[in-house]
Each structure stands twice: as C-alpha cells, then as structure tokens.
2 protein chains.
Amino acid sequence: MTGQRSDARRNYQRILAVAEAEVAAHGAEASLEQIARTAGVGSATVRRHFPTRRSLLEAVFHERVEGLCERAHRLSAIEDGRTALLEWLHALVLYAVSARGFADTLSYEPPAEEPSPHSCGNRISAAGTPLLERAIRDKAVAPHVTFHDLLTLAVGIALATEHHKDPETQANRLFRLAVEGLSPEHGIAEVSENS
Amino acid sequence: MTGQRSDARRNYQRILAVAEAEVAAHGAEASLEQIARTAGVGSATVRRHFPTRRSLLEAVFHERVEGLCERAHRLSAIEDGRTALLEWLHALVLYAVSARGFADTLSYEPPAEEPSPHSCGNRISAAGTPLLERAIRDKAVAPHVTFHDLLTLAVGIALATEHHKDPETQANRLFRLAVEGLSPEHGIAEVSENS
DNA sequence: GTGAAAACGGCGGGACCCGCCGTTTTGCCT
DNA sequence: AGGCAAAACGGCGGGTCCCGCCGTTTTCAC
C-alpha cells in the first residue's frame, strides 16, 4: 500500500523522530542538516522525504493536531456551546504556546490552501468550525466571527508571547482579554484557568 | 558631541537608508550583506555601526516609532479616554501590519529590557501607557489590563496576519474582535474603521 | 541469485554571518 | 602645511546552512 522500500520507511521514521526533538528544541527554524546528522542520514535523504520545510513541520505536528481534533469531537458533546468552544480554543492556544514552531507552521498556510486537506491548518479548521457554528447558533458568539479569525488570533497570541519569560501565563492573559473584550465586563462565564 | 568622524557619519546614514528599503522589501530577515553591498560598504562596516541585527532594526523603525509617540501625545488631548486609546491602538496595529519586520522587532525585546530606554518597545510603552491609564480611570477598560498586554496583542495580530492575502483587512477584523470580545455585543462605540 | 529501480549520501556551489587584521582616511596638533 | 595616531574601513577565511547533481549501495521482485 505504501509502495515504499523498507529502508525508506525506516529512515522516514528516524528522521521524523529526530525532527520532533530538534523542532521542540529550536523551533521551526531548526537546521535540516543537523536533523540529518543526528538521524545518521545524508541531508539529501531528509529532503527526499520532506521536500519542503513545511512538509516536515506538518509531519512533526500531525499527531498533536489529531489530538486536538479528537478533543474537539469530544467537546461537541457538551451542552453549552460557548463553553465547548472556549475550552477548545484555550487548549489550542496552550498547545500552540507550548509547542515551538507550531504557530509558525500555522501562520503561513496561504501557499495554496486547497491541495492538502490533511494540512494542519485545514484539519484544525475542520475540527473547530462546527464548535464555532454551534456557539453562533446559541447566540454566544457574534455571527460575523469566522473560524479563520479565531485560528489566526490563537496563532498571533502564540507568536507574540513566544519570547516572553513566561509565555503560557502571558498567553492566558491575552486569551482572556480577547474573549472578554477590552471593556470591564459584566461577569462573563469564565473559561477554566487550570493547566 | 557625536564624536564621530565624518566618513563614519556618512556611512551610517547610507547604511540606514539602504536598510530601510531592504527591510521594507524583505522584512526583519533582510540580508546584512546585501545591505552592505547596496550601500557600497563592506559588511564589517555595517556590523560596526549596528553590532546586532536588532540594533539596525531599532534604528530603521525609530522615526516611525517617534511618529506613533507623537500621535499618542496628540490623542491625549481628546476628551474620551476610550476613544483615544482605541484610536491609537488601531494606528499601532495598522503600522505594525504595514511595516515589514516591525512586529518581529517588537516581539522579542526581552533580552534585558532595562538598558535602552530608547528601544522601540520602551518608547511605545512610555507613549501608550498614559492613554491606557486614563481609559482605566474612565472605567472604559478593565483594570487588570496592562499596556504590555495591549502591545503584545497588537504584535500578535500583526505577526499572525503577515502572510495573509490581505493582511490589513484581516488585522482589522482581529482588532475589532479583540476589542469587542467574542460575544455578540450591546452596541459598543465603534473605532474608526477608515484607513 | 540477479538485475533494475529505488534510495542513499557525498560533493561542490551559492548565500549568509562573523572575527581578524592590514590598509586607508580623518582630523588634531604642532 | 605636514605629520601622526586613532578611527574607520573592507577584504579574507572559516563556519553553517540549503540545494542540486550523480555515482554507489540497498532492496525486492522475479
């Protein structure tokens, strides 16, 4: 089915494993040559399996993205549409903040969004859009808000807090700010503030 | 007073002029060597005047930052604290979106914030904080909001929309979203939506 | 086993950034 | 005016990276 040779498969896995560590350590700009060296393969082999940097990053984050999608599914069972959406968005932000390079990867999908329905951004959109639509139906979110808006905002929060002393805390502040708005509010239901 | 030699001053200006163009064209990652070549100086000279990439970027954006600060001053005369703050924040976002590399520059000031009170981030903070404080006194903004929050959010919006087809439009959407909050609102006073 | 296709990896080229160091330019001081 | 020390310059070599080419090795089907 895969049509791949065994050594190719093996190298693919090795490279991917090393890449995960390397990206976690150095972000989206991790050196491809360094990855090749650590994986014990030639740099050409890395490029053969992952023609572009993006393709490597997509692969690196694939599992975690699936986790997020699954979470969205589970949350769709919750009765309160607003809470479900907020809970999930919060998880998205936290993940984007914690996983170096993830926000960068998401930040420029633009180059032809159509091609791969499996791309991180598209997978996430597919998973999150229903949550947003329900929240809008529940009149809990303004109808002009698109999922793209929310995703971009989450990415922005992650990117902007990346170089802070305590990114997670700052990201939480910004998330809350964006959800509540600038003005002092009339006790809106809080999103869970734990882990 | 400057203590510089005339040729040094001349080269400094030349490099700065070229750098502005180059950064505008290629963002914060513009090639220093390319700048040197275009300016007709050795790459070492560029590094002599601007020891770090950051220092060059700070210089490049200095004028524009001053413009923003001045604008903050003028807006402090307006009667409505909330409007003044929003107007200024909007200008900040628009500038960050339009000037390639600016948001990147702002995004990691962290490395020792103390040293230079002239750094872009510190200048902007100094200019904007009074506006925020007034808005808070006017009960138009929640008291837990810090200027740092607002600046980071603006930077985030700029960074996240950088690779979009129409960054400015998307940035405006996100700005509005963050100001109003996620929920459908009770007609809050709008920020001017023009240029 | 063997042979063709797939996969590999080393090599050279081009672009950077950086530090060193001999050379040129300035401007002060006589 | 002329000389001289310090300031400023810029070229060079080393290191890293990404990329394309191409001869060699590995795999797998027959």
Side-chain angles (χ1 to χ4, degrees), chain A residues 1-61 100-101 104-105 107-108 111-112 163, chain B residues 1-61 100-101 104-105 107-108 111-112 163:
Chain A
M1 184 49 66
T2 63
Q4 268 195 133
R5 253 167 55 171
S6 62
D7 55 344
R9 236 179 348 249
R10 184 158 25 96
N11 280 337
Y12 179 93
Q13 294 299 346
R14 266 206 248 171
I15 292 170
L16 187 54
V18 172
E20 284 173 7
E22 212 64 23
V23 169
H26 303 103
E29 308 286 286
S31 162
L32 300 184
E33 291 216 329
Q34 178 59 38
I35 292 174
R37 255 169 294 168
T38 307
V41 301
S43 62
T45 299
V46 172
R47 249 170 319 107
R48 213 166 282 121
H49 285 291
F50 305 98
T52 73
R53 180 179 290 275
R54 282 197 54 73
S55 63
L56 177 62
L57 291 172
E58 295 269 353
V60 163
F61 294 116
R100 298 206 53 181
D104 293 87
T105 302
S107 79
Y108 49 111
H163 305 289
Chain B
M1 183 49 64
T2 65
Q4 270 196 132
R5 256 167 55 173
S6 61
D7 54 344
R9 242 182 340 253
R10 185 157 26 92
N11 279 337
Y12 179 94
Q13 293 299 347
R14 267 207 247 170
I15 292 170
L16 188 53
V18 172
E20 285 173 6
E22 211 65 21
V23 168
H26 303 102
E29 309 286 286
S31 161
L32 300 183
E33 290 215 328
Q34 179 59 38
I35 291 174
R37 254 169 290 162
T38 309
V41 301
S43 62
T45 298
V46 172
R47 245 164 327 106
R48 210 167 285 122
H49 286 290
F50 305 98
T52 72
R53 180 178 290 274
R54 283 196 53 73
S55 63
L56 177 60
L57 292 172
E58 296 269 353
V60 162
F61 294 118
R100 297 206 54 182
D104 293 88
T105 302
S107 79
Y108 48 113
H163 305 289

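Note: hydrogens, waters and symmetry copies are ignored here, and every other heavy atom, side chains too, is used. Everything numeric here is computed off the predicted structure, so don't read it as measured data. Proteins get letters first, then strands, A, B, ... in listed order; numbering begins at 1 in each.
Looking only at distances, a side-chain donor or acceptor of B:Arg9 sits under 3.5 Å from a matching main-chain atom of B:Gln4. Side-chain atoms of A:Arg53 come within 3.5 Å of backbone N or O of A:Ala28 as a donor-acceptor pair.
Here B:Ile35 contributes atom CD1 and B:Glu20 contributes atom CD; the two are 10.5 Å apart, rounded to the nearest 0.5 Å. Note that CD of B:Glu29 is 9.0 Å distant from CG of B:Leu57, once rounded to the nearest 0.5 Å.
With sequence neighbours excluded, the residues forming a salt bridge (charged side-chain N to carboxylate O under 4.0 Å, His left out) with B:Glu58 are B:Arg54, listed by chain and number.
Where B:Gln34 and A:Val41 each meet DNA chain C at their nearest nucleotide, the meeting point lying more 5' is that of A:Val41. Of the residues near DNA chain D, A:Ala44 and A:Arg37, the one whose nearest nucleotide (by heavy atom distance) lies more toward the 5' end is A:Arg37.
Rounded to a whole Å, the CD atom of A:Glu33 is 7 Å from the C1' atom of D:dC18. As rounded to whole Å, 14 Å separates atom P of C:dA6 from atom NE2 of A:His49. Counting to the nearest Å, the C1' atom of C:dG9 and the CD1 atom of A:Ile35 are 17 Å from each other. B:Arg48 places its CZ atom 13 Å from the P atom of D:dA7, with the value rounded to the nearest Å. Rounded to an integer number of Å, the gap from NE2 of B:His26 to P of C:dC16 is 9 Å. Between the P atom of C:dA7 and the CD1 atom of A:Ile15 lies a distance of 12 Å, rounded to the nearest Å. When the P atom of D:dC19 is taken as reference, atom CZ of A:Arg47 falls 6 Å away, rounded to whole Å. Note: CZ (A:Arg54) to C1' (D:dC18) measures 18 Å, nearest angstrom.
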Quiz item: For A:Val18 and A:Arg14, what are the C-alpha separation, side-chain angles and deciding distance, and is it a side chain to side chain contact (heavy atoms under 4.5 Å, CB included)?
Solution: CA-CA 6 Å; A:Val18 172; A:Arg14 266 206 248 171; 5.6 Å; no
For nucleotides 23-30 of chain C, list the nitrogen or oxygen atoms of the protein found under 3.5 Å from its nitrogen or oxygen atoms, one pair per line.
unit_1, atom_1, unit_2, atom_2, d
C:dT25, O2, B:Arg5, NH1, 3.1
C:dT25, O2, B:Arg5, NH2, 2.9
C:dT26, O4', B:Arg5, NE, 3.2
C:dT26, O4', B:Arg5, NH2, 3.4
C:dG27, OP1, B:Ser6, N, 3.0
C:dG27, OP1, B:Ser6, OG, 3.0

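Regarding contacts with the backbone of C:dA7, every side-chain N or O of A:Thr45 stays at 4.0 angstrom or more from both OP1 and OP2. Residue B:Ser31 places at least one side-chain N or O under 4.0 Å from the OP1 or OP2 atom of C:dC17. For the OP1/OP2 pair of D:dA8 and a distance below 4.0 Å, the side-chain nitrogens and oxygens of B:Asn11 include no atom meeting the criterion.
Residues A:Leu56 and A:Leu32 have side chains in contact (heavy-atom distance under 4.5 Å, counting atoms from C-beta outward).
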